Amino acid sequence: SMAIVLVAGAVITALGLALNRPIVRGLGASRDLLPMAREYFLIAVLGSTFVAANHTLNGFAYAEGAGGIGFAALALSSSINILLDYLFVAVFSMGVAGAALATVISQAAATLFLFAYFLLPGSTLKVNLCICWEDMKEIVRVGLSASVRTFSIVALGLIVNRQAFSAAGDLGVAVASVVFRSITIVLLPAIGVNQAFLPVAAYNFGAKQYDRIISSAWQSVVYALVICFTASFFVIAYAEGLARVFNPDPQFVQTAATGFRTAFRLTPLIIFNLIGSALFQAAGNARKSLLIAISRMGFFVLPLMLILPTYLGLFGVWLAFPFGELASALFSTAVTWPKLRELTKTASTGEPVGEPVTDR
């Protein structure tokens with residue numbers, strides 16, 4: 001895994017440096033924002049290896065049961081980022097370059113923290129960099145669905161920015177960025193629940209404790225729905241106040257409030273897509289995991305994001321989120337439900353039915 005991360009990080013950094021202008025323009029930066037966006041991007045892309053290594057090592061920590069270490073790394077990174085943002089931007093007046101540098105340093109610090117943990121006697125896993133082709137192919141095969149899901153989020157951000165700019169210019173981009181970032185924050189509990197579910201499901205697939213998989217899947221869905229719908233309720237209820245935190249301009253506040261109230265209605269339903277994909281990923285079924293992972297963006301949200309703004313303008317951008325999430329949740333449930341029924345029957349009879357429980 002670490003060998004893949006180092007190679008991928010080097011490739012991403014090289015491509016980012018070489019293609020920085022078209023990438024930043026493609027992400028929706030207008031002519032006025034392009035210089036600042038490039039300044040941020042060029043620094044941030046140099047730290048892409050730290051981001052990938054941090055995410056990977058954090059997954060290892062959770063997988064061996066050291067959730068406290070994973071949380072400590074996240075807290076360390078966030079704290080350093082916030083502190084350095086203030087120092088570099090407010091004190092030293094480094095602008096967007098300071099904000100980018102703060103992000104890179106905070107990610108590097110978390111990576112070094114996690115790396116040090118795996119060098120200590122208390123960890124089960126040990127750092128062992130090697131080129132093991134068979135293992136690497138298996139990692140890429142099973143992890144492809146998670147990679148596609150992450151890439152689809154980037155693609156969605158690109159489409160959101162471009163559609164918002166087409167509909168309302170720089171104001172649309174500013175509001176869309178705020179709404180999209182806020183959705184990402186509100187959905188963090190669901191993403192965290194899914195990350196916790198994956199190692200539990202994978203372990204119990206190996207141990208043939210299928211009743212635990214079913215129980216943890218339902219608990220994950222319920223917890224994520226309760227937490228995220230509660231957060232969404234407060235965003236909708238206090239939409240104007242939240243918008244003023246970002247920009248007190250009346251036009252911005254009115255536009256952002258409409259976006260918050262529309263886009264946040266059904267976003268927590270993403271947990272059905274996440275858990276469905278993770279369930280098949282834990283079982284080693286890469287094809288169905290990938291199918292569910294790409295369905296949310298590829299089949300529903302992105303097509304709606306391309307179609308609705310043509311007729312409804314900026315409101316169509318917001319409307320694509322709830323309709324896309326609802327359709328994705330129904331599709332994910334339809335694909336996952338037979339597997340859950342199979343696991344339920346297997347847990348009660350002790351004999352596998354249908355396709356193998358661990359399948360490819």
Side-chain angles (χ1 to χ4, degrees), residues 1-9 12 47-84 102-132 135-136 138-147 149-150 153 184-185 187-207 209 212-213 216-217 219-220 223-224 227 271 274-275 277-284 289 293:
S1 293
M2 291 306 301
I4 294 172
V5 163
L6 294 176
V7 172
I12 291 169
S48 57
T49 302
F50 290 124
V51 177
N54 182 17
H55 186 77
T56 304
L57 291 171
N58 200 290
F60 292 154
Y62 279 103
E64 72 169 27
I69 296 296
F71 179 79
L74 177 62
L76 176 68
S77 175
S78 300
S79 301
I80 292 176
N81 202 343
I82 293 171
L83 176 62
L84 293 182
T103 299
V104 171
I105 293 175
S106 65
Q107 290 292 326
T111 300
L112 292 175
F113 172 81
L114 288 166
F115 192 78
Y117 165 73
F118 288 111
L119 293 177
L120 296 175
S123 64
T124 302
L125 299 172
K126 299 300 177 186
V127 177
N128 180 25
L129 287 176
C130 67
I131 304 299
C132 310
D135 291 340
M136 292 170 73
E138 184 72 2
I139 290 168
V140 171
R141 187 186 68 82
V142 177
L144 184 61
S145 59
S147 301
R149 185 186 302 113
T150 303
I153 294 174
T184 303
I185 293 172
L187 292 181
L188 281 178
I191 296 172
V193 167
N194 182 63
Q195 288 180 331
F197 167 75
L198 181 56
V200 171
Y203 176 88
N204 284 290
F205 263 112
Q209 298 290 334
R212 295 181 181 179
I213 300 172
S216 60
Q219 288 181 53
S220 298
Y223 290 158
I227 296 171
I271 190 61
L274 295 176
I275 293 298
S277 180
L279 180 70
F280 286 108
Q281 187 178 358
S289 178

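The shown structure was predicted, so the numbers you read here are calculated from the model rather than taken from an experiment.
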Report task. May I ask you to check whether over 12 heavy atoms, not counting those of F113, lie within 6.0 Å of atom CZ? Result -> yes

Query raised in the report: Atom CG in L112, atom CG in L57: separation rounded to 0.5 Å?
Result: 10.0 Å

Query - Nearest heavy-atom neighbours spanning T111 and A53 - result: CG2-CB, 3.8 Å

**Report entry** Heavy-atom closest contact (A217 atom, I275 atom, distance)
**Finding:** CB-CG2, 4.3 Å

Query raised in the report: Is the backbone N or O of N54 less than 3.5 Å from a side-chain atom of N58, with the two atoms forming a donor-acceptor pair by type?
Result: no

Query raised in the report: With no hydrogens and no angle check, is any side-chain donor or acceptor of S78 less than 3.5 Å from a backbone partner on A75?
Result: no

Query - Shortest non-hydrogen separation from I271 to A190 and the atoms involved - result: CD1-O, 3.8 Å

Query - With sequence neighbours excluded, residues passing side chain to side chain contact (heavy atoms under 4.5 Å, CB included) with I139 - result: S1, I4

Query raised in the report: Where do F60 and F118 come nearest, in terms of heavy atoms and distance?
Result: CB-CZ, 3.5 Å

Query raised in the report: If only atom types and distance count, is the side chain of S79 paired as donor or acceptor with the main-chain N or O of L76 below 3.5 Å?
Result: no

Query - Spacing of OG belonging to S216 relative to CZ belonging to F197, to within rounding of 0.5 Å - result: 4.5 Å

Requested in this report: Answer yes or no: is there a donor N or O on one side and an acceptor on the other, between the side chain of S277 and the main chain of L274, under 3.5 Å?
Outcome: no

Query raised in the report: Do the non-hydrogen side-chain atoms of V200 and R212 ever get within less than 4.5 Å of each other?
Result: no

**Report entry** Rounded distance (nearest 0.5 Å) linking atom CG of L187 with atom CG of N194
**Finding:** 11.5 Å

Query raised in the report: Could you state the interatomic distance from CG (L114) to OH (Y117), rounded to the nearest 0.5 Å?
Result: 9.5 Å

Query raised in the report: Does the S77 side chain pair with the main chain of A73, one donor and one acceptor, at a distance under 3.5 Å?
Result: no

Report task. Keeping the roles fixed (side chain from E64, backbone from L125), state whether a donor-acceptor pair exists under 3.5 Å. Result -> yes

Query raised in the report: Going through the checks in order, is the side chain to side chain contact (heavy atoms under 4.5 Å, CB included) test met by L279 and F205?
Result: CA-CA 10 Å; L279 180 70; F205 263 112; 4.1 Å; yes

